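Predicted model, so just to flag it, every value in this text is computed and none were measured.
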Amino acid sequence: MSNAVRRKAISAIAGRPARNYAVMAESETEIYGEDVFNLSRMRESLPKNVYKKLLATIKAGEPLDPVIADDVANAIRQWAISRGATHYTHWFQPLTGGTAEKHDAFLEPGEEDEAIMAFSGKNLIVGEPDASSFPSGGLRATFEARGYTAWDPTSPAFIKRGLNDATLCIPTAFCSYTGEALDKKTPLLRSIQALNKSIIRMMKAFGEPGDKHPEVTLGAEQEYFLIDKEFYLARPDLVQTGRTLFGAPPPKHQQLEDHYFGSIKPRILAFMSEVETELWRLGIPAKTRHNEVAPAQFEIAPVFEELNLAVDHNMVIMEVLRQTAERHNLVCLLHEKPFAGINGSGKHNNWSISYGKTNLLKPGNDPHQNAIFLTTLCAVIQAVDRHSDILRSATAGAGNDHRLGANEAPPAIISIFLGEQLTDIIDQIEKGEVKSSRHGDMMRIGVDTLPPLPRDATDRNRTSPFAFTGNKFEFRAPGSSQSCGGVNVVLNTIVAESIDEISAELEKFPKEDFLANLQALLQKIIRQHKRVVFNGDGYTQEWVEESAKRGLPNLRTTPEALQPLLDEKNIELFDRYGVLSPKEMKSRYEVFMEEYERKIRIEGELALTMARTMIYPVANEQLNKLSGTVAGLKAVGVNNGLQSSVKALDKIGVLTDKLCADSCALEEALQKNCSSSVISALGTLRSTVDELEKLVDDQLWPLPKYREMLFIY
């Protein structure tokens with residue numbers, strides 16, 4: 001093996017003409033949402049009474065009237081066919097972490113050998129994929145194949161386009177024949193419903209009429225890497241695992257901080273422009289694009305949307321990124337840590353809750369609104385402190401284990417960043433003293449207004465997992481490949497419990513003493529749960545030690561982080577709110593642990609194969625070359641260069657022996673079937689291979705190097 005593949009890849013990239021991305025003939029506003037069966041198209045194509053009933057389901061959460069299904073199906077069919085669709089699919093999100101679809105043609109044979117285009121209300125409302133072939137954690141046996149997809153009318157149908165076809169995608173939930181949730185969407189919808197009820201209850205306790213519609217919103221920032229397809233195909237580890245199992249750090253990577261927000265290269269900009277056009281056609285409000293910190297790393301962020309829709313849209317964004325990259329001879333890497341030693345990729349989960357048009361996490365303009373804001377804030381603090389373990393569980397995964405704790409990724413210790421100003425206010429409430437309110441000498445809830453809190457009153461803390469950023473909380477721990485569904489299921493449920501507990505107290509307070517009792521209640525919550533608030537550097541050893549003193553869990557690995565799924569208090573909580581039954585909760589543990597163990601085994605087996613069939617041969621060839629050099633110098637009696645050649649020969653010889661020993665150790669770990677042993681052995685083997693990469697003749701090394709993959713595209 002030589003570096004012919006690497007040289008060929010570089011030559012192909014250098015000689016490839018830039019892809020000519022045509023400028024849109026239509027404006028962004030004209031194409032926005034054209035491939036979505038949205039509210040305006042519903043209004044245009046449905047009878048008024050049908051549209052009114054469907055709108056009540058979408059906007060107010062009323063049960064879907066099955067009588068209208070045929071009318072809606074007929075309208076969707078006509079619209080989809082007019083847009084070129086030939087097939088339809090129930091688009092769902094199984095526990096694989098991705099999306100799934102089974103395509104059916106509209107075309108059916110008619111009575112007299114003619115073809116008709118058919119799509120009924122039943123086709124719209126329910127589908128039946130095979131449930132036994134998806135992860136179920138014991139909810140389904142192999143021989144129990146029946147499962148159902150159920151239409152989610154709150155997320156509009158859309159058209160997905162291929163090279164020469166178009167398919168109508170109907171967002172659906174996915175459950176088993178016996179009714180258990182086998183997907184990410186079902187528990188998410190349940191958790192949204194639970195949180196909405198809790199918000200209404202709290203607002204009624206504050207004297208609000210309770211007739212407005214609560215809404216949970218999400219803005220998901222998506223980070224990703226792009227590398228040239230030529231390099232990707234020459235790296236078995238990237239193809240099989242999504243990350244580099246070997247690779248020495250190059251002299252230059254992100255130390256100069258010159259890539260972040262830098263000028264976007266034309267090839268990448270063409271890719272980004274096409275991605276945005278595709279997303280706009282699908283009604284996804286892509287807003288921000290930029291270079292991220294690491295070389296070859298980028299970010300896309302949409303405008304905030306209703307949570308369920310935002311989760312669906314994020315899944316579409318990931319697919320559009322991958323498919324568009326393919327058309328540009330690039331590969332989009334969504335693994336949390338595709339390259340060691342530089343920034344990994346996260347998915348920043350910007351979460352907020354509203355009641356009507358009022359954002360409950362935004363300080364208000366009057367004492368009443370500020371009392372609600374502070375109560376909501378304390379509810380979140382209480383929820384995160386009580387349930388930081390299960391919140392960490394929602395971010396667990398083999399890829400995220402490599403990312404958390406360094407290079408702008410938060411640590412595994414869940415804490416809340418409030419910023420100096422808001423932390424000061426919380427402290428004042430706890431002590432009942434005021435240092436910076438507008439008047440008076442007591443911080444009295446509902447009497448003194450808060451000090452002015454502009455949107456960016458606080459600095460940002462990139463080492464905090466859960467940071468208040470003005471009118472929302474940014475949960476930075478989720479990994480880039482993960483669905484936003486899981487983390488928000490947890491967040492919604494734990495906050496619903498906290499709000500309900502507070503509301504139960506508020507409902508007991510007499511009106512004349514309501515504010516005084518509220519102040520005492522918030523003081524109690526702050527005293528009990530302020531340990532979770534931390535505004536410092538989350539990367540330091542001092543914080544690790546301090547968090548342990550505070551009693552905050554530090555669940556560093558996936559096996560540790562998934563254990564809370566089996567904790568009885570967590571099982572009871574999710575069962576009480578109807579989000580996940582005990583069987584569903586335990587099934588998630590089984591699914592995620594099995595996925596983790598399988599991924600670790602795949603990485604171990606592939607690393608072993610690569611070490612023995614790709615790395616050892618070139619190390620051995622280098623030894624032979626150096627041996628010949630040393631023998632030749634000795635034969636002619638030349639001493640110049642002999643000593644350095646002997647040292648090089650000795651060093652590579654030692655590393656080659658170690659490579660063999662490390663490979664055997666990894667093989668033994670794989671035979672023991674112990675994930676932690678495999679991880680340790682793989683890490684040791686990687687160190688040896690990376691040392692060899694620095695010493696072996698560049699003409700021999702078989703794998704594209706970091707300096708090539710990260711900078712040549």
TODO: For the pair E306 and H313, evaluate side chain to side chain donor-acceptor pair (under 3.5 Å) and give the outcome as yes or no after the intermediate values.
DONE: CA-CA 10 Å; E306 184 277 325; H313 279 173; over 6 Å; no
Would you say [Y] and [X] are linked by a side-chain donor-acceptor pair, where the criterion is simply a distance under 3.5 Å?
X    : Y    : result
E221 : N350 : yes
Y355 : E215 : no
K347 : Q222 : yes
H90  : E101 : no
E336 : S481 : yes
T172 : D152 : no

Open item on the list: Taking the ring of F417 and the ring of F468, is the distance between their centroids below 6.0 Å?
Closed with: no
Task: Proximity of F534 and F466 rings by center, below 6.0 Å - done: no
Task: Cationic N near anionic O, under 4.0 Å, R41 to E44 - done: no
Task: Note: R403-D401 ion pair, threshold 4.0 Å (strictly below) - done: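 Between D401 and R403 there is no salt bridge, as every charged N stays at least 4.0 Å from the carboxylate O atoms.
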Task: Closest heavy-atom pair and its distance - A561, A396 - done: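 Looks like CB-CB, 3.8 Å.
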- [ ] Applying ring-ring contact (aromatic ring centres under 6.0 Å, His included), name anything that partners W79, two or more places apart in sequence or on another chain.
- [x]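 For W79, the residues satisfying ring-ring contact (aromatic ring centres under 6.0 Å, His included) (neighbours in sequence not counted) are F37.
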- [ ] Give me the one residue out of T469, L361, L218, T376 that meets side chain to side chain contact (heavy atoms under 4.5 Å, CB included) with S352.
- [x]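 Going through the options one by one, the only one that passes is L361.
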Open item on the list: Using the side chain to side chain contact (heavy atoms under 4.5 Å, CB included) definition, which of the options K586, E180, R588 pairs with L580?
Closed with: R588
Task: salt bridge (Lys or Arg N to Asp or Glu O under 4.0 Å) contacts in which one or both residues fall within residues 482-497, not counting sequence neighbours - done: E497-R576
Task: Summary of salt bridge (Lys or Arg N to Asp or Glu O under 4.0 Å) pairs that have at least one residue in residues 192-203, sequence neighbours excluded - done: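 For residues 192-203, and leaving out neighbouring residues, the salt bridge (Lys or Arg N to Asp or Glu O under 4.0 Å) pairs sorted by first residue read R201-D500, R201-E507.
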Task: Aromatic plane relationship, F92 with F174 - under 30° parallel, 30 to 60° tilted, over 60° perpendicular - done: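 F174 vs F92 ring planes: tilted.
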Task: Derivation and outcome, salt bridge (Lys or Arg N to Asp or Glu O under 4.0 Å), residues R190 and E584 - done: CA-CA 13 Å; R190 293 171 180 170; E584 290 170 335; 2.9 Å; yes
